[in-house]
Amino acid sequence: MSSPSHASDAPIHDRQQLVDYIAAGEKPRPDWRIGTEHEKFGFRLDDLRPPAFDGERGIEALLQGMARFGWEEIRERGRTIALLRDGASVTLEPAGQLELSGAPLESIHQTCSEVGAHLLEVKTVADELRLGFLGMGFQPKWRREEMPWMPKGRYGIMRAYMPKVGGLGLDMMTRTCTVQVNLDYADEADMVRKFRVSLALQPVATALFADSPFAEGRPNGYLSYRSHIWTDTDPDRTGMLDFVFDAGFGYERYVDYILDVPMYFVYREGDYADASGQSFRDFLDGRLPAAPGVLPTLRDWSDHMTTAFPEVRLKKYLEMRGADGGPWNRLCALPAFWTGLLYDDAALDAAWDLVKDFSLAERHALRDGVPRHALGLPFRGATVRELAMEALKISAAGLRRRDARNAQGADETRFLEPLIEFAESGQTPAERKLALYHGEWGGDIDRVFREFAY
């Protein structure tokens, strides 16, 4: 959401410009950064309902209240829909899930400080509005039709389009929350290696972070229902991207993939024109029905790239998209896990050795099986738990070699501790909540809001 340069508004005349746009993300190792994003569910303390956008206790009031901490308010049609500060933003998902998109930082220590400061700011204002926030992968209580909608133009277009292409897209929009990390690459070969490792191991992250076992007040039969929802959202823009493992994969092949993802919208002068289902290739030829005779700009291309939702997404960096939202310590654990695996050469080599002989069928079996079974999913004579243990060892070694220490001299490996504990016990966060639900909660889902709020 940074200010666009003049170049981004110039018409695109050549497909190579799209390739160059991604290649411009290349950075030398000293400039690699860690960007962490997380979403969370708001709820009213008195009745646990999600707050609407409007009103004294609404989401807009929360954003405006947070402006006291030095955030700049971003408006659409006169309404405050986002905040900006020092390379970070606070934005809204379709049903008002509050998202922090963190600044690009050098260490997980900085990431955890950023997350802690953000949650404190949110809590300060939320307490005044009698609101709370919960970190989980799926809304545990309220039905789809009970979720509010935020007044953002692109969401109105997506809301109309989603039911045409999948059964659960509206649930993805309104009832899910995730944590993800964005990481850099040095060049095309480095991007390819990182993309392959992170796609193959994304189901391991899904299993370790599984925390969405409830829907509408009851167990839903999954440990990561959020992950399952992506399998019935829109096949044109989701999934495991098998072509990433093909010989010759690189920037150009990814550009071809994005060009084939149907469009949602064209943004011009503050308005979103509905281009749902239309082709960016036609847009390049000036033949887009939603904007006849108009050529796209790099800003249009950047917008369009954000409308693909694969398990790992390439923009000018790689986004790891497999994890359920959770409490503050897991918001620091996810970037630690992937930074340890991808930002150290020996760890990246070891991680590739771990996954390089996975077949396409095995990669899909992992992706399709972990939403229901998480760490207990059988794999190669063992389970995903053993695979997770191995990945965590590689990540911890990578973090030790990075040797990024805080003021007390501790390195980043400590942020992996919650994940190591899940893997060693074989019990995911979802299974722990299910045990509470069937035990001391006596089937009362309302307890989750009180006991697991930030």
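Cation-pi check for R196 over F249 is not met; the charged atom does not lie both under 6.0 angstrom from the ring centroid and within 45 degrees of its normal. Cation-pi contact between K123 and Y454: absent, since separation from the ring centre below 6.0 Å together with deviation from the ring axis within 45° is not met. Figure legend: cation-pi geometry between R321 and F309 absent, as NZ or CZ is not positioned both under 6.0 Å from the six-membered ring centre and within 45° of its axis.
Here E216 does not pair with K141 in a salt bridge; the nearest charged N to carboxylate O distance is not below 4.0 Å. Salt bridge absent: E99 and K40 never bring a charged side-chain N and a carboxylate O closer than 4.0 Å. Using a 4.0 Å cut-off between a side-chain N of Lys or Arg and a carboxylate O of Asp or Glu, R85 and E121 qualify as a salt bridge. By the 4.0 Å N-to-carboxylate-O rule, D353 lies close enough to K356 to be salt-bridged with it. Here E440 pairs with R447 in a salt bridge; the nearest charged N to carboxylate O distance falls below 4.0 Å. With salt bridges taken as basic N to acidic carboxylate O contacts below 4.0 Å, none links K316 and E26. Using a cut-off of 4.0 Å between Lys/Arg side-chain N and Asp/Glu carboxylate O, R402 and D344 are scored as not salt-bridged. We find that D345 and R29 are joined by a salt bridge, their nearest charged nitrogen and carboxylate oxygen being less than 4.0 Å apart. Contact check on R15 versus D256 returns a salt bridge, with a Lys/Arg side-chain nitrogen under 4.0 Å from an Asp/Glu carboxylate oxygen.
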If you apply the rule salt bridge (charged side-chain N to carboxylate O under 4.0 Å, His left out), what do you find for R143 with E146, and how did you get there?
CA-CA 5 Å; R143 299 193 308 275; E146 293 173 303; 3.7 Å; yes
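Ring pair F452/W441 is perpendicular by interplanar angle, where above 60° counts as perpendicular and below 30° as parallel. Taking the six-membered ring where tryptophan is involved, the planes of H304 and W301 are tilted, since the angle between them lies from 30° to 60°. Between H228 and Y222, the two ring planes are parallel [angle under 30°; tilted spans 30° to 60°]. Ring geometry for Y257 against F243 counts as tilted: the plane angle lies between 30° and 60°, on a 0 to 90° scale. Between W32 and Y343, the two ring planes are tilted [angle within 30° to 60°].
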Would you give me the side-chain donor-acceptor pairs under 3.5 Å for residues 323-332, sequence neighbours excluded?
residue, atom, partner, partner atom, Å
D324, OD1, S224, OG, 2.9
D324, OD1, R226, NE, 2.6
D324, OD2, D211, N, 2.7
D324, OD2, S212, N, 3.3
D324, OD2, S212, OG, 2.8
D324, OD2, S224, OG, 3.3
R330, NH2, D211, OD2, 2.6

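Screening residues 405-428 for ring-ring contact (aromatic ring centres under 6.0 Å, His included) gives H109-F415 as the qualifying pairs, with residues at least two apart or on separate chains.
Side-chain rings of F280 and F283 approach one another, their centers coming within less than 6.0 Å.
The residue from F41, F449, Y437, Y225 that alone fulfils the ring-ring contact (aromatic ring centres under 6.0 Å, His included) condition with F214 is Y437.
Under a 3.5 Å cut-off, the side chain of E431 and the backbone N or O of T428 do form a donor-acceptor pair.
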